[in-house]
Amino acid sequence: MAQEIINTDFTIHSQVSSNTIRPMWLTANQWGRYEQFGHLGLLAELGVDYKIVDRKYFSIQAGVRGLVNLDISESALQEAYLSGKAWVIDFSLGKEQYSPVVYDEALSSGLFLMNSNARPVPRFTIGVFDYLPLGFTKNWVEIRGGISQGWLNDDRVQKYNGANDVLLHEKFAYARLGNTAVKPYVGLMHSALLGGTRPNGQKIPVDFWATFMGEASSELGETNATGAHMGLWDFGIDWKAKFGDIHLYLQKPFADASGMRLRNFYNKDFILGLGVKPKDISWLRGVSVELFKTDHQSGYGIPDPLYPVDYKGHKQGSIIWMDDIEDDFDGFMYEVFGETRTGWCEDEVMRYLEVELDEGHRYGGRDDYMNNGEYYNGWIYHGATMGTPFYHTADKVRKYADGWDEIDRVNFYNNRVNGFHLGMEGDITPTLKYRFKSSYTINKGTFGEQFRGRYSWTRTEDYFFAESKQQVYSLLELQYQLPRLQGLSFTGKVAWDVGELYKSVGGQISVRYAPQIIF
């Protein structure tokens with residue numbers, strides 16, 4: 001008779017910080033378990049998972065995890081899920097500390113989207129999570145992909161343009177070359193916010209198919225894409241070499257259709273990374289190096305041309321839609337700008353608008369990653385970003401930045417970030433392991449606060465990020481596994497954030513016991 005196994009783990013974590021802002025790598029990319037702010041933290045964590053069915057073509061397991069915080073009001077049911085596999089189809093239902101697109105966030109800075117920084121979102125996810133060779137291609141092509149529907153059930157109505165009960169739609173699709181040691185791949189991720197209820201009780205209408213496709217909804221009478229959207233192109237190579245496993249990747253984030261089109265010059269942002277897992281080198285089990293740039297965001301130009309503020313018509317300040325001009329460009333130019341010249345074409349009109357109203361820049365810029373004017377919180381869940389931890393919310397920026405006259409229409413105040421990241425880990429002895437991470441960043445704030453909004457060329461006085469600010473986030477971790485008591489381990493961490501944003505030094509001690517119950 002086969003043995004039944006219940007996996008359990010119980011951990012006590014204690015944190016201390018010199019600053020009310022805790023060092024970033026003490027809290028980031030750990031499924032939102034730790035508070036970002038506060039000098040002291042104490043957390044008890046208990047998790048249980050059990051494989052209910054384990055057969056060749058079907059498996060299902062259940063898990064639950066609770067967090068008890070020193071601040072009892074911050075305690076939470078962290079996990080409660082059913083997950084498994086039916087033939088080649090994977091699925092997950094509930095709150096699970098799992099993302100099918102995340103890889104090696106212990107060493108990397110974390111995936112730009114769909115990563116492990118925030119608490120698990122209650123959701124249903126289905127797809128092929130691991131690469132599946134296609135037999136009809138003789139396994140030369142491998143694919144994976146999935147779709148997820150989630151519910152953001154945290155408090156999200158701090159502002160008039162906030163909304164509670166927002167739905168989270170995410171999907172990903174990858175294709176990779178098989179039958180070879182070097183496997184190039186290409187992938188695409190899409191994340192969207194839709195629906196919800198405004199503070200005044202107004203329901204935000206939903207057109208799921210339009211949001212799924214990232215298109216405008218004729219049903220809802222909208223001209224822009226329905227919902228709020230973020231995405232990521234992911235190009236890379238997986239290589240199983242003799243000396244170790246290598247993962248090389250180039251990722252291109254985008255927030256709209258112009259940034260998604262790689263053939264134009266709008267998208268100059270990227271994350272370039274290299275991960276290596278050497279073989280037979282005990283002191284270096286893994287290393288991650290990344291270079292990232294996310295400050296361009298399609299450029300300085302405002303998103304759309306607007307009717308000028310001195311225009312006497314009823315459309316003053318609204319978007320100029322070329323389709324509404326209906327080929328009467330001469331009449332438009334005379335009515336709006338007093339131009340008596342004739343023979344205007346659409347390209348000439350657009351260039352005129354760029355020179356006169358957009359300081360010579362292209363329209364379609366200031367993409368404002370993770371932010372959206374229709375959803376104040378953007379890609380945040382329980383106060384933590386659902387993407388890269390390098391982006392800072394208004395709450396965090398206000399703790400270190402000198403005050404300025406804020407626009408405060410969106411929640412991320414620092415999302416134009418460039419930098420470099422290094423992570424490495426290995427064994428000091430068979431029972432003592434180390435991990436080191438350090439990230440250097442150049443922080444430039446946001447276009448929407450640098451100017452008096454995304455559609456303004458008036459610069460904000462005394463803006464904290466008027467000159468870019470440098471910051472370094474670092475962590476050194478040691479983990480000791482008791483050789484005579486299986487499942488008991490001690491972890492100590494020292495982390496320090498230094499630079500022109502703030503200074504914070506902190507530490508963490510964790511005691512973990514993870515026994516298996518066999519019956």
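Of the possible donor and acceptor atoms, none in the side chain of D295 sits under 3.5 Å from a partner among the backbone N and O of V417. Side-chain N or O atoms of S17 include none that pairs as donor or acceptor with a backbone N or O of T20 at under 3.5 Å. In this structure, the side chain of Q450 does not engage the main chain of F465 through any donor-acceptor pair within 3.5 Å. Without hydrogens or angle criteria, N372 side chain to G378 main chain gives no donor-acceptor distance under 3.5 Å. Put simply, the side chain of R22 gets close to the backbone of G38: a donor and an acceptor are under 3.5 Å apart. A donor-acceptor contact shorter than 3.5 Å links the side chain of Q297 to the backbone of D368. A side-chain donor-acceptor contact under 3.5 Å links S99 to the backbone of M114. Using modelled atom types, one side-chain atom of R156 and one backbone atom of I380 make a donor-acceptor pair closer than 3.5 Å. Side-chain N or O atoms of Q97 include none that pairs as donor or acceptor with a backbone N or O of Q30 at under 3.5 Å.
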With side-chain hydrogen bond (donor to acceptor under 3.5 Å, both in side chains) as the criterion, how do Y50 and N7 come out once you've worked through the C-alpha distance, each side chain's angles and the decisive distance to 0.1 Å? CA-CA 6 Å; Y50 171 63; N7 296 306; over 6 Å; no
Quick one: do R198 and E374 satisfy salt bridge (charged side-chain N to carboxylate O under 4.0 Å, His left out)? Show the steps, please. CA-CA 10 Å; R198 297 292 189 201; E374 296 300 315; 3.2 Å; yes
Start with the C-alpha distance between D408 and K159, add both sets of side-chain angles, then the distance that settles salt bridge (charged side-chain N to carboxylate O under 4.0 Å, His left out), and finish with yes or no. CA-CA 9 Å; D408 195 27; K159 298 290 180 179; 2.5 Å; yes
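Donor-acceptor pairing under 3.5 Å is lacking for the side chains of S92 and S83. Counted by atom type alone, Q471 and T441 present zero donor-acceptor pairs between their side chains at under 3.5 Å. One side chain, S510 or H13, offers a donor N or O that lies under 3.5 Å from an acceptor on the other. Checking S504 against D497 by side-chain atom types alone, no donor-acceptor pair falls below 3.5 Å.
A ring-ring contact (aromatic ring centres under 6.0 Å, His included) with F112 is found for exactly one of W379, F390, Y369, Y249, namely Y369.
Pairs of residues two or more places apart, or lying in two chains, that qualify as salt bridge (charged side-chain N to carboxylate O under 4.0 Å, His left out) and include a residue from residues 468-487 are R435-E477, E477-K493.
The cationic atom of R416 (NZ for Lys, CZ for Arg) lies less than 6.0 Å from the six-membered ring centre of F447 and within 45° of the ring axis. No cation-pi contact links R366 to Y455, judged by a cut-off of 6.0 Å to the six-membered ring centre and 45° from its axis. Geometric assessment of K252 against the ring of F235 yields a negative cation-pi assignment under the 6.0 Å and 45° thresholds. For the pair K437 and W25, the cation-pi test (distance below 6.0 Å, angle within 45°) is passed.
The ring of Y103 has its center closer than 6.0 angstrom to the ring center of H247. Taking the ring centroids of Y400 and H392, they lie under the 6.0 Å cut-off.
Every residue two or more places apart in sequence or in another chain that forms a side-chain hydrogen bond (donor to acceptor under 3.5 Å, both in side chains) with S109 is listed here: E290. In this structure E406 satisfies the side-chain hydrogen bond (donor to acceptor under 3.5 Å, both in side chains) test together with R398, Y413, sequence neighbours excluded.
Between E45 and R512 there is no salt bridge, since no side-chain N of the basic residue sits under 4.0 Å from a carboxylate O of the acidic one. The existence of a salt bridge linking E425 and K433 is excluded, since no basic side-chain nitrogen approaches an acidic carboxylate oxygen closer than 4.0 Å. With respect to D9 and R65, a salt bridge is recorded, a charged nitrogen being found less than 4.0 Å from a carboxylate O.
Aromatic ring orientation, H229 versus H190: parallel (interplanar angle below 30°, classes split at 30° and 60°). Relative ring orientation between Y131 and Y174 is described as perpendicular, the plane-to-plane angle rising above 60° on a 0-90° scale split at 30° and 60°.
Counting non-hydrogen atoms of other residues, nucleotides and ligands closer than 6.0 Å to CD1 of I509 gives a total of 12 or fewer. Other residues, nucleotides and ligands place no more than 12 heavy atoms under 6.0 Å from the CH2 atom of W283. Within a 6.0 Å sphere centred on NZ of K240, other residues, nucleotides and ligands contribute 12 heavy atoms or fewer. Within a 6.0 Å radius of CD in Q486, no more than 12 heavy atoms belonging to other residues, nucleotides or ligands are found.
Once rounded to the nearest 0.5 Å, the distance linking OH of Y513 with CG of L485 reads 5.5 Å.
The nearest pair of heavy atoms linking L501 to N443 is CD1-ND2, 3.7 Å.
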